[in-house]
> 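A single structure is presented below for examination.
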Amino acid sequence: IKLIERDRIAEAQDNLDQITVQVDRINRIIKNLRGFARNESERVEPVDLVAVVHDALRLAERRLREEGITVETALPPSPVMVSGGPVRLQQVIVNLMGNAMDAMRDQPDKRLSLTTEHAIDGNTVRLRVSDTGSGLVEPDPVFEPFYTNKDVGASKGLGLGLSISFGIVGTFGGKLSCRNRPEGGAEFCVELK
(Lines give C-alpha, C1' and ligand atoms only; values in the text may rest on other atoms or scores of the structure.)
Protein backbone atom coordinates (compact mmCIF):
# COMPACT_ATOMS: atom_id res chain seq x y z
CA ILE A 1 0.00 0.00 0.00
CA LYS A 2 2.83 2.38 0.84
CA LEU A 3 4.33 1.90 -2.62
CA ILE A 4 1.00 2.71 -4.23
CA GLU A 5 0.60 5.78 -1.99
CA ARG A 6 4.04 6.92 -3.17
CA ASP A 7 3.00 6.36 -6.81
CA ARG A 8 5.50 3.51 -7.23
CA ILE A 9 3.01 1.32 -9.06
CA ALA A 10 5.58 -0.76 -10.97
CA GLU A 11 7.33 -1.78 -7.73
CA ALA A 12 4.00 -2.58 -6.09
CA GLN A 13 3.02 -4.75 -9.08
CA ASP A 14 6.38 -6.53 -8.97
CA ASN A 15 5.88 -7.27 -5.25
CA LEU A 16 2.36 -8.58 -5.90
CA ASP A 17 3.66 -10.77 -8.73
CA GLN A 18 6.33 -12.21 -6.41
CA ILE A 19 3.70 -12.86 -3.73
CA THR A 20 1.50 -14.66 -6.28
CA VAL A 21 4.41 -16.85 -7.39
CA GLN A 22 5.26 -17.75 -3.79
CA VAL A 23 1.63 -18.50 -2.89
CA ASP A 24 1.42 -20.83 -5.90
CA ARG A 25 4.65 -22.49 -4.80
CA ILE A 26 3.35 -22.91 -1.24
CA ASN A 27 0.16 -24.48 -2.57
CA ARG A 28 2.19 -26.97 -4.61
CA ILE A 29 4.36 -27.78 -1.60
CA ILE A 30 1.28 -28.36 0.58
CA LYS A 31 -0.12 -30.67 -2.10
CA ASN A 32 3.18 -32.55 -2.16
CA LEU A 33 3.27 -32.78 1.65
CA ARG A 34 -0.23 -34.24 1.65
CA GLY A 35 0.84 -36.74 -0.96
CA PHE A 36 3.94 -37.61 1.06
CA ALA A 37 1.88 -38.06 4.22
CA ARG A 38 -0.45 -40.41 2.34
CA ASN A 39 2.56 -42.11 0.72
CA GLU A 40 1.25 -41.37 -2.76
CA SER A 41 3.49 -41.85 -5.72
CA GLU A 42 3.57 -38.88 -8.07
CA ARG A 43 4.72 -38.64 -11.65
CA VAL A 44 8.46 -38.64 -12.18
CA GLU A 45 9.75 -36.89 -15.30
CA PRO A 46 13.03 -35.61 -16.75
CA VAL A 47 14.08 -32.45 -14.89
CA ASP A 48 17.04 -30.12 -15.45
CA LEU A 49 18.86 -30.28 -12.10
CA VAL A 50 20.97 -27.20 -12.91
CA ALA A 51 17.86 -25.08 -13.57
CA VAL A 52 16.23 -26.32 -10.35
CA VAL A 53 19.35 -25.41 -8.34
CA HIS A 54 19.40 -21.92 -9.87
CA ASP A 55 15.69 -21.48 -9.06
CA ALA A 56 16.29 -22.61 -5.46
CA LEU A 57 19.18 -20.15 -5.13
CA ARG A 58 16.93 -17.33 -6.38
CA LEU A 59 14.37 -18.23 -3.72
CA ALA A 60 17.03 -18.14 -1.00
CA GLU A 61 18.88 -15.11 -2.39
CA ARG A 62 17.54 -12.57 0.09
CA ARG A 63 18.29 -14.66 3.18
CA LEU A 64 21.75 -15.56 1.88
CA ARG A 65 22.53 -11.88 1.35
CA GLU A 66 21.08 -10.76 4.70
CA GLU A 67 23.03 -13.40 6.62
CA GLY A 68 26.29 -12.67 4.78
CA ILE A 69 26.63 -16.16 3.34
CA THR A 70 28.97 -16.69 0.41
CA VAL A 71 27.63 -19.12 -2.19
CA GLU A 72 30.04 -21.27 -4.17
CA THR A 73 28.70 -23.31 -7.07
CA ALA A 74 30.29 -25.82 -9.41
CA LEU A 75 27.48 -26.42 -11.89
CA PRO A 76 27.82 -27.16 -15.59
CA PRO A 77 26.59 -24.51 -18.05
CA SER A 78 24.40 -27.03 -19.85
CA PRO A 79 21.34 -28.92 -18.52
CA VAL A 80 21.83 -32.03 -16.39
CA MET A 81 18.72 -34.15 -16.75
CA VAL A 82 17.59 -36.36 -13.86
CA SER A 83 14.36 -38.15 -12.97
CA GLY A 84 12.22 -36.16 -10.56
CA GLY A 85 9.63 -33.44 -10.21
CA PRO A 86 10.75 -29.81 -10.48
CA VAL A 87 8.74 -28.44 -7.54
CA ARG A 88 9.50 -31.33 -5.20
CA LEU A 89 13.19 -31.33 -6.13
CA GLN A 90 13.33 -27.58 -5.57
CA GLN A 91 11.68 -28.15 -2.17
CA VAL A 92 14.45 -30.60 -1.25
CA ILE A 93 17.22 -28.22 -2.31
CA VAL A 94 15.65 -25.22 -0.54
CA ASN A 95 15.30 -27.33 2.61
CA LEU A 96 18.93 -28.45 2.47
CA MET A 97 20.10 -24.86 1.93
CA GLY A 98 17.85 -23.61 4.76
CA ASN A 99 19.31 -26.17 7.16
CA ALA A 100 22.82 -25.18 6.08
CA MET A 101 22.04 -21.50 6.68
CA ASP A 102 20.67 -22.33 10.14
CA ALA A 103 23.84 -24.31 10.93
CA MET A 104 26.06 -21.37 9.95
CA ARG A 105 24.12 -18.73 11.91
CA ASP A 106 26.83 -18.22 14.56
CA GLN A 107 29.86 -19.08 12.43
CA PRO A 108 32.40 -16.42 11.41
CA ASP A 109 33.01 -18.11 8.03
CA LYS A 110 29.71 -18.67 6.22
CA ARG A 111 30.04 -20.56 2.94
CA LEU A 112 27.39 -22.62 1.19
CA SER A 113 28.57 -24.84 -1.64
CA LEU A 114 26.47 -26.56 -4.30
CA THR A 115 28.24 -28.87 -6.73
CA THR A 116 27.22 -31.55 -9.20
CA GLU A 117 29.17 -34.53 -10.44
CA HIS A 118 28.51 -37.70 -12.39
CA ALA A 119 29.13 -40.95 -10.56
CA ILE A 120 31.44 -43.59 -11.98
CA ASP A 121 28.46 -45.54 -13.35
CA GLY A 122 27.73 -42.60 -15.68
CA ASN A 123 23.99 -42.76 -14.95
CA THR A 124 23.92 -41.24 -11.47
CA VAL A 125 24.25 -37.51 -10.80
CA ARG A 126 25.24 -36.25 -7.38
CA LEU A 127 24.29 -32.84 -6.02
CA ARG A 128 26.36 -31.98 -2.96
CA VAL A 129 25.16 -29.24 -0.62
CA SER A 130 27.79 -28.40 1.99
CA ASP A 131 28.29 -25.71 4.60
CA THR A 132 30.83 -24.34 7.05
CA GLY A 133 28.48 -24.76 10.01
CA SER A 134 28.91 -26.70 13.21
CA GLY A 135 28.33 -30.11 11.59
CA LEU A 136 25.90 -32.84 12.56
CA VAL A 137 25.82 -34.00 16.17
CA GLU A 138 24.59 -37.45 15.08
CA PRO A 139 24.46 -38.01 11.30
CA ASP A 140 22.68 -41.38 11.51
CA PRO A 141 19.21 -40.29 12.73
CA VAL A 142 18.89 -37.00 10.79
CA PHE A 143 16.34 -38.43 8.33
CA GLU A 144 14.04 -39.72 11.07
CA PRO A 145 10.82 -37.72 11.56
CA PHE A 146 10.97 -35.10 14.35
CA TYR A 147 14.74 -35.41 14.78
CA THR A 148 16.51 -32.04 14.98
CA ASN A 149 19.99 -30.72 15.83
CA LYS A 150 18.54 -27.29 16.59
CA ASP A 151 18.13 -25.95 20.10
CA VAL A 152 14.58 -25.85 21.41
CA GLY A 153 13.03 -22.56 20.37
CA ALA A 154 15.79 -21.79 17.87
CA SER A 155 13.58 -22.52 14.89
CA LYS A 156 9.97 -22.98 14.00
CA GLY A 157 10.83 -26.28 12.35
CA LEU A 158 9.49 -29.56 13.62
CA GLY A 159 12.30 -31.84 12.50
CA LEU A 160 10.33 -33.00 9.45
CA GLY A 161 12.21 -31.27 6.61
CA LEU A 162 14.95 -33.86 6.18
CA SER A 163 12.54 -36.76 6.62
CA ILE A 164 10.26 -35.34 3.94
CA SER A 165 13.24 -34.59 1.68
CA PHE A 166 14.49 -38.16 2.14
CA GLY A 167 11.07 -39.48 1.12
CA ILE A 168 10.82 -37.17 -1.89
CA VAL A 169 14.24 -38.20 -3.20
CA GLY A 170 13.25 -41.83 -2.65
CA THR A 171 10.12 -41.38 -4.79
CA PHE A 172 12.45 -40.27 -7.60
CA GLY A 173 14.39 -43.53 -7.27
CA GLY A 174 17.26 -41.60 -5.72
CA LYS A 175 19.15 -41.47 -2.46
CA LEU A 176 19.78 -38.71 0.10
CA SER A 177 22.74 -39.10 2.45
CA CYS A 178 24.82 -36.93 4.76
CA ARG A 179 28.16 -36.75 6.50
CA ASN A 180 30.32 -34.42 8.54
CA ARG A 181 33.12 -32.96 6.44
CA PRO A 182 36.69 -33.44 7.74
CA GLU A 183 37.33 -29.70 7.39
CA GLY A 184 34.17 -28.90 9.38
CA GLY A 185 30.53 -28.43 8.50
CA ALA A 186 28.07 -30.86 6.98
CA GLU A 187 27.48 -32.19 3.49
CA PHE A 188 24.25 -33.60 2.08
CA CYS A 189 24.35 -35.57 -1.12
CA VAL A 190 21.35 -36.05 -3.41
CA GLU A 191 21.87 -38.90 -5.88
CA LEU A 192 19.53 -39.11 -8.86
CA LYS A 193 19.50 -40.97 -12.15
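Please read these numbers as outputs of a predicted model, since none were measured by experiment.
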> Applying side chain to side chain donor-acceptor pair (under 3.5 Å), name anything that partners Glu183, two or more places apart in sequence or on another chain.
Arg181
> Thr116 side chain to Leu127 main-chain N or O, any donor-acceptor pair under 3.5 Å?
no
> Run the side-chain contact (heavy atoms from CB on, under 4.5 Å) test against Ala60 and tell me which residues pass, sequence neighbours left out.
Leu64, Met97, Met101
> Stepwise, does the side chain to side chain contact (heavy atoms under 4.5 Å, CB included) test hold for Val94 with Gln90?
CA-CA 6 Å; Val94 167; Gln90 182 184 80; 4.1 Å; yes
> Ignoring hydrogens and angles, write down the donor-acceptor pairs under 3.5 Å from the side chains of residues 184-193, residues two or more places apart or on other chains.
| from | atom 1 | to | atom 2 | distance (Å) |
| --- | --- | --- | --- | --- |
| Glu187 | OE2 | Arg128 | NH1 | 3.0 |
| Glu187 | OE2 | Arg179 | NE | 3.0 |
| Lys193 | NZ | Thr124 | OG1 | 3.3 |

> When you look at Asp131 and Lys110, which way does the side chain to side chain contact (heavy atoms under 4.5 Å, CB included) test go after all the steps?
CA-CA 7 Å; Asp131 62 61; Lys110 299 178 181 184; over 6 Å; no
> Restricting to side chain to side chain donor-acceptor pair (under 3.5 Å), what partner residues turn up for Gln107, sequence neighbours left out?
none
> Would you compute the distance between atom SG of Cys178 and atom CG of Leu96 and round it to the nearest 0.5 angstrom?
10.0 Å
> What residues join Ile9 in its hydrophobic cluster, counting side-chain heavy atom gaps under 4.5 Å, either direct or through other members?
Ile4
> Partners of Asn15 by side-chain contact (heavy atoms from CB on, under 4.5 Å), sequence neighbours excluded?
Leu3
> Using the test side chain to side chain donor-acceptor pair (under 3.5 Å), find all partners of Asp14 that sit at least two apart in sequence or belong to another chain.
none
> Can you name the residues that form a side chain to side chain donor-acceptor pair (under 3.5 Å) with Asp17, not counting sequence neighbours?
Gln13
> Salt bridge (Lys or Arg N to Asp or Glu O under 4.0 Å) with Asp55: which residues, sequence neighbours excluded?
Arg58
> Please set out all donor-acceptor pairs under 3.5 angstrom arising from side-chain atoms of residues 65-75, sequence neighbours excluded.
| from | atom 1 | to | atom 2 | distance (Å) |
| --- | --- | --- | --- | --- |
| Glu66 | OE2 | Arg62 | NE | 2.9 |
| Glu67 | OE2 | Arg63 | NE | 2.7 |

> Group every Ile, Leu, Val, Met, Phe, Trp and Tyr by side-chain heavy-atom contacts under 4.5 Å, then state whether Met81 and Val50 land in the same group.
no
